[in-house]
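Fair warning: this is a prediction, and the values are worked out from it, not measured in the lab. Per chain, numbering begins at 1; letters A, B, ... match sequence-line order.
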2 protein chains.
Amino acid sequence: MAAVTSRSQVQRSPLSDTKRKIMKTAAELFAGEGYGSVGTSQISEATGYGKGALYYHIRSKGDLLYDIMTIYLEDLLSEARQILAEKRHVKERVYALSESILRAVVEDKAEMTVCFREVHALEDTRRRSVLRLHGAYLGIWRQVTDDAAREGDFRPLDNDELKALMGMYFYSFLWIGNDRTADIPALAAKFSGIIMRACHA
Amino acid sequence: MAAVTSRSQVQRSPLSDTKRKIMKTAAELFAGEGYGSVGTSQISEATGYGKGALYYHIRSKGDLLYDIMTIYLEDLLSEARQILAEKRHVKERVYALSESILRAVVEDKAEMTVCFREVHALEDTRRRSVLRLHGAYLGIWRQVTDDAAREGDFRPLDNDELKALMGMYFYSFLWIGNDRTADIPALAAKFSGIIMRACHA
DNA sequence: TCGTCGACCGACCGACCGGTATAATATCGT
DNA sequence: ACGATATTATACCGGTCGGTCGGTCGACGA
């Protein structure tokens, strides 16, 4: 099995294939039943590793959750930063950002669900750290809308409005099926269309 | 303590004050730590009742979750139906619906969080039942947008677009604090403003 | 005064929790 | 071939899980 995902990857530490497989399986279980309802024996069984092997690769169940969130959010974030650097026009930016996050929602549905739905399961320090990543992602959009407002394309948006609009994306993992890969461009067009209309000066 | 909530209540079965208190406390725990991570002993301790008393009022932990969701979603739904019956103009309808759900998010934050974030924790039959309630609520908005489209005020919206827009509301419990009671009208104005712009013909 | 009843308690049940200890096996550089 | 190291399985730990059970207690009707 190849050790790469389709989207760019921040290599914080080597991250073995085994650990990647464990994270994928765990994310699916967490997304399906909720972090608190999934036992380590269940993860062990689903991955095919015994508990010893499992705990050779993870430090704790909490760490596993934190790692899943961190890796996928950093991935999403680095893609967003790249889009911000490459595209200069509002419309392109909004479409590319929409396409980026919606592709993540479809292709890594379980992981994204965990990233946005299971934040409460983290202990305080880690929750704050993950919320910083959420905030950083929001910051990218904030910059897009502020730039657009400065150039007269968008009306100014306050934080409430921006967060409300982000909710469209952050809630979409609950209803966008992972069988909609082919629809990603259409979905991105719909989402970015809504953003463009909602923010029109 | 009065046995009524501020918003209209569907009286399916008597629903004692004790059970109401248990539901409120449990909803706060579920919202704070996630259904699966909250134990019945914890609920028992937080309510001040022993486990015997607790299980005198509830059939199971799963039932408790289901009851919370059902009651609050039916409440939200009946309010929405009433708005649909009373208001005829799009703008009024959108504002009133926004105000209704945002007030629920602020005033019954924990319960609403559970209603929209813990669906996965339900066993199949009950999950389907709760998802029907979600669908019914979506149906109200569908009718509003369809009526508006028929009269030329809105462009036609497909299901993806409607669900995307609903995500704004359904995700808002994660960032709207329960200290914003005074801001409810302003929030409703912002949300409905976005809807009106996003749907403009 | 008693019997009944709803509300409640806390000890207890077997099962399972997250996590560890120990040992067996696979891999690999030399 | 050898030792070292990486990876895995299994048995097991104390503790907690959801839920039950026998029983207590005060209110109330007869």
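Aromatic rings from Trp175(A) and Phe170(B) are positioned such that their centres are separated by 6.0 Å or more.
The shortest distance between side-chain heavy atoms of Asp108(A) and Lys24(A) falls below 4.5 Å. Residues Phe30(A) and Ile43(A) are in side-chain contact: their nearest non-hydrogen atoms beyond the backbone lie under 4.5 Å apart.
Among the atoms of the strands shown, only primed sugar atoms or phosphate atoms (P, OP1, OP2) are found under 4.0 Å from some heavy atom of Gly48(A). Across all strands shown, Gly52(A) has heavy atoms under 4.0 Å from base atoms, whether or not it also approaches the sugar-phosphate.
With rounding to whole Å, Ile58(B) atom CD1 is found 10 Å from dT20(D) atom P. Summarising the geometry, the separation between CG on Leu54(A) and P on dG19(C) is reported as 10 Å, rounded to the nearest angstrom. Remark: P of dT16(D) and NZ of Lys61(B) are 15 Å apart, rounded to the nearest angstrom. Atom CG in Asp63(A) sits roughly 13 Å away from atom C1' in dG18(C) (whole-Å rounding). Rounded to whole Å, atom P of dG6(C) lies 17 Å from atom NZ of Lys19(B). Rounded to whole angstrom, the span from the CD atom of Glu33(B) across to the P atom of dC17(D) amounts to 10 Å. Between the CD atom of Glu45(B) and the P atom of dC17(D) there is a distance of 10 Å, rounded to whole Å. Rounded to whole Å, the distance from NZ on Lys51(B) to P on dG18(D) is 7 Å.
Considering only the side chain of Tyr55(A), dG19(C) comes nearest among dG19(C), dT8(D), dT20(D). Relative to the side chain of Tyr49(A), the nucleotides dC9(C), dG18(D), dT8(D) differ in distance, and dT8(D) lies closest. For His57(B), counting side-chain heavy atoms from C-beta on, the closest listed nucleotide (dC8(C), dT8(D), dC17(D)) is dC8(C). In the set dT20(C), dG6(C), dC9(C), dG6(C) carries the atom at the smallest distance from any side-chain atom of Tyr56(B).
For Ser60(B) and dG18(D), the shortest distance from a side-chain N or O to OP1 or OP2 is not below 4.0 Å.
The one candidate from Arg20(B), Arg126(B), Lys19(B) that meets the salt bridge (Lys or Arg N to Asp or Glu O under 4.0 Å) condition with Asp67(B) is Lys19(B).
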- Task: Please lay out, stage by stage, how Glu123(A) and Arg127(A) fare under the test salt bridge (charged side-chain N to carboxylate O under 4.0 Å, His left out).
- Result: CA-CA 6 Å; Glu123(A) 48 97 18; Arg127(A) 182 166 54 243; over 6 Å; no
